[in-house]
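Keep in mind that the numbers below use all heavy atoms, side chains included, and drop hydrogens, waters and symmetry copies.
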Amino acid sequence: MMKKVVFFLLFLLSVSNQLSYGQLRSYSNEFLSLGIGARALAMGNVQSATVGDVTAAYWNPAGLNQIENLQIGIQHAEWFAGIGKYDYVGLASPIGYGERTIGVSLIRFGVDDIPNTLNIVDPTGNVDYDQLTTFSAADYGVLLSYAQELNKLRVGGNVKIVHRRVGDFATSWGFGLDLGAQYDVNDNFTLGATIRDLTTTPNLWSFNFTEEEKEILELTDNIVPSSSVELTGPRIILGGAWENKLGKGERLSLLIAADINLTFEERNTLIHSGFVSIDPHFGVELGYDELIYFRAG
């Protein structure tokens with residue numbers, strides 16, 4: 001067992017060294033941090049210790065162990081007055097007599113019908129609107145999830161595939177790993193932890209401009225991009241949740257939860273330094289008869 005642990009640590013170190021030629025960017029692959037699920041968004045994205053449905057693949061894959069039957073989740077949201085479309089579909093199901101769970105999730109954030117004005121001005125300097133075309137800029141994320149329960153401890157992980165496309169001009173592929181755990185301290189208190197982009201996720205960019213398009217970019221003082229590697233650094237999410245029944249007949253329930261997001265880059269968070277950025281989240285949920293819920297975060 002120890003040999004396997006040492007081998008895994010050496011593997012992570014090797015991957016990190018091989019990716020050192022890339023550039024670690026703040027807010028890279030940020031579309032995977034926008035959040036999914038009405039409950040999570042209402043509670044301020046506090047989910048590491050509380051999530052226990054199909055959306056756990058996104059928040060903390062260990063939470064998939066709480067699923068008892070096949071679950072399917074679908075969401076559509078619009079950002080920036082409908083300019084950006086955010087879509088999610090997920091599926092998860094227990095296997096092996098309920099001791100393990102597998103899942104697959106697809107996330108897309110895209111802006112469609114963007115005007116392409118590269119060829120709108122002809123060689124004589126006249127504007128030719130017949131040359132106006134449109135394109136889409138979209139980010140895709142695929143999560144392949146596995147979770148297993150070990151008594152009071154639940155563990156899970158994702159193999160993550162990221163694809164980003166800007167029309168026919170630019171594409172990138174990225175591959176990463178997420179790990180998560182949940183631990184029931186007692187019947188009321190649970191701890192949760194998630195590590196996203198464990199080994200640092202590389203996004204391999206390639207660009208496809210014609211010679212004419214490159215010339216136009218240069219004449220208009222724009223940079224002609226070249227193939228590059230963009231790195232998404234690890235994020236650690238630590239949290240806890242306390243839940244209890246209230247009132248006569250225990251028809252009321254109260255859930256109080258908190259998460260701390262740690263990223264090792266300069267970000268606009270409540271607490272930040274040159275080494276780490278700390279983003280705390282807090283959420284509450286008051287439920288009645290497991291039917292009606294009031295949430296805030």
Side-chain angles (χ1 to χ4, degrees), residues 8 11 15 28-41 45-79 84-110 112 136-150 153-165 171-182 192-204 232 234-237 239 259:
F8 182 65
F11 168 75
V15 171
S28 175
N29 289 339
E30 191 66 10
F31 78 103
L32 292 176
S33 301
L34 295 177
I36 59 173
R39 185 193 194 204
L41 296 176
N45 288 349
V46 180
Q47 289 291 284
S48 67
T50 65
V51 67
D53 57 21
V54 65
T55 65
Y58 174 90
W59 295 107
N60 184 346
L64 291 172
N65 287 292
Q66 300 186 50
I67 294 175
E68 298 180 355
N69 300 290
L70 172 68
Q71 287 192 7
I72 299 174
I74 300 174
Q75 172 184 303
H76 173 76
E78 299 192 359
W79 287 68
K85 306 294 193 299
Y86 189 50
D87 296 290
Y88 155 81
V89 59
L91 182 148
S93 176
I95 60 174
Y97 303 100
E99 297 179 355
R100 296 178 294 276
T101 308
I102 57 174
V104 59
S105 308
L106 174 63
I107 300 169
R108 179 189 186 272
F109 183 82
D112 302 311
S136 297
D139 300 332
Y140 300 87
V142 178
L143 306 178
L144 306 177
S145 308
Y146 174 83
Q148 185 167 343
E149 189 165 3
L150 306 171
L153 178 66
R154 297 181 290 273
V155 296
N158 296 324
V159 174
K160 179 162 54 182
I161 304 170
V162 180
H163 178 55
R164 301 166 68 184
R165 173 176 290 273
T171 59
S172 80
W173 288 93
F175 302 90
L177 297 174
D178 303 331
L179 291 181
Q182 290 180 336
T194 306
I195 304 178
R196 293 184 177 177
D197 303 297
L198 174 65
T199 59
T200 300
T201 298
N203 301 279
L204 310 176
T232 304
R235 172 181 299 189
I236 299 175
I237 304 172
D259 277 357

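In this view, Ser93 satisfies the side-chain hydrogen bond (donor to acceptor under 3.5 Å, both in side chains) rule with no residue, not counting sequence neighbours. Applying the salt bridge (Lys or Arg N to Asp or Glu O under 4.0 Å) rule to Arg154 yields the partners Asp184; only residues at least two apart in sequence or on another chain are considered. For Thr101, the side-chain hydrogen bond (donor to acceptor under 3.5 Å, both in side chains) test picks out no residue, with sequence neighbours left out. For the side-chain hydrogen bond (donor to acceptor under 3.5 Å, both in side chains) test, residues two or more places apart in sequence or in another chain that qualify with Asp197 are Lys160, Thr201. Residues forming a salt bridge (Lys or Arg N to Asp or Glu O under 4.0 Å) with Glu99 (at least two apart in sequence, or on another chain): none. Listed by chain and residue number, Asn29, Asp139, Glu230 satisfy the side-chain hydrogen bond (donor to acceptor under 3.5 Å, both in side chains) test with Arg164 (two or more places apart in sequence, or in another chain).
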Stepwise side-chain hydrogen bond (donor to acceptor under 3.5 Å, both in side chains) check, Thr55 with Arg39: CA-CA 10 Å; Thr55 65; Arg39 185 193 194 204; over 6 Å; no

Evaluation steps, side-chain hydrogen bond (donor to acceptor under 3.5 Å, both in side chains), between Asp259 and Ser48: CA-CA 7 Å; Asp259 277 357; Ser48 67; 2.7 Å; yes

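For the pair Leu32/Phe109, no side-chain contact is recorded, criterion being any heavy-atom separation below 4.5 Å from C-beta on. Between Val162 and Trp173, every side-chain heavy-atom pair lies at or beyond the 4.5 Å cut-off.
Under a 3.5 Å cut-off, the side chain of Tyr140 and the backbone N or O of Leu106 do not form any donor-acceptor pair. Judged purely by atom type and a 3.5 angstrom limit, His163 has no side-chain atom pairing as donor or acceptor with the backbone of Gly174.
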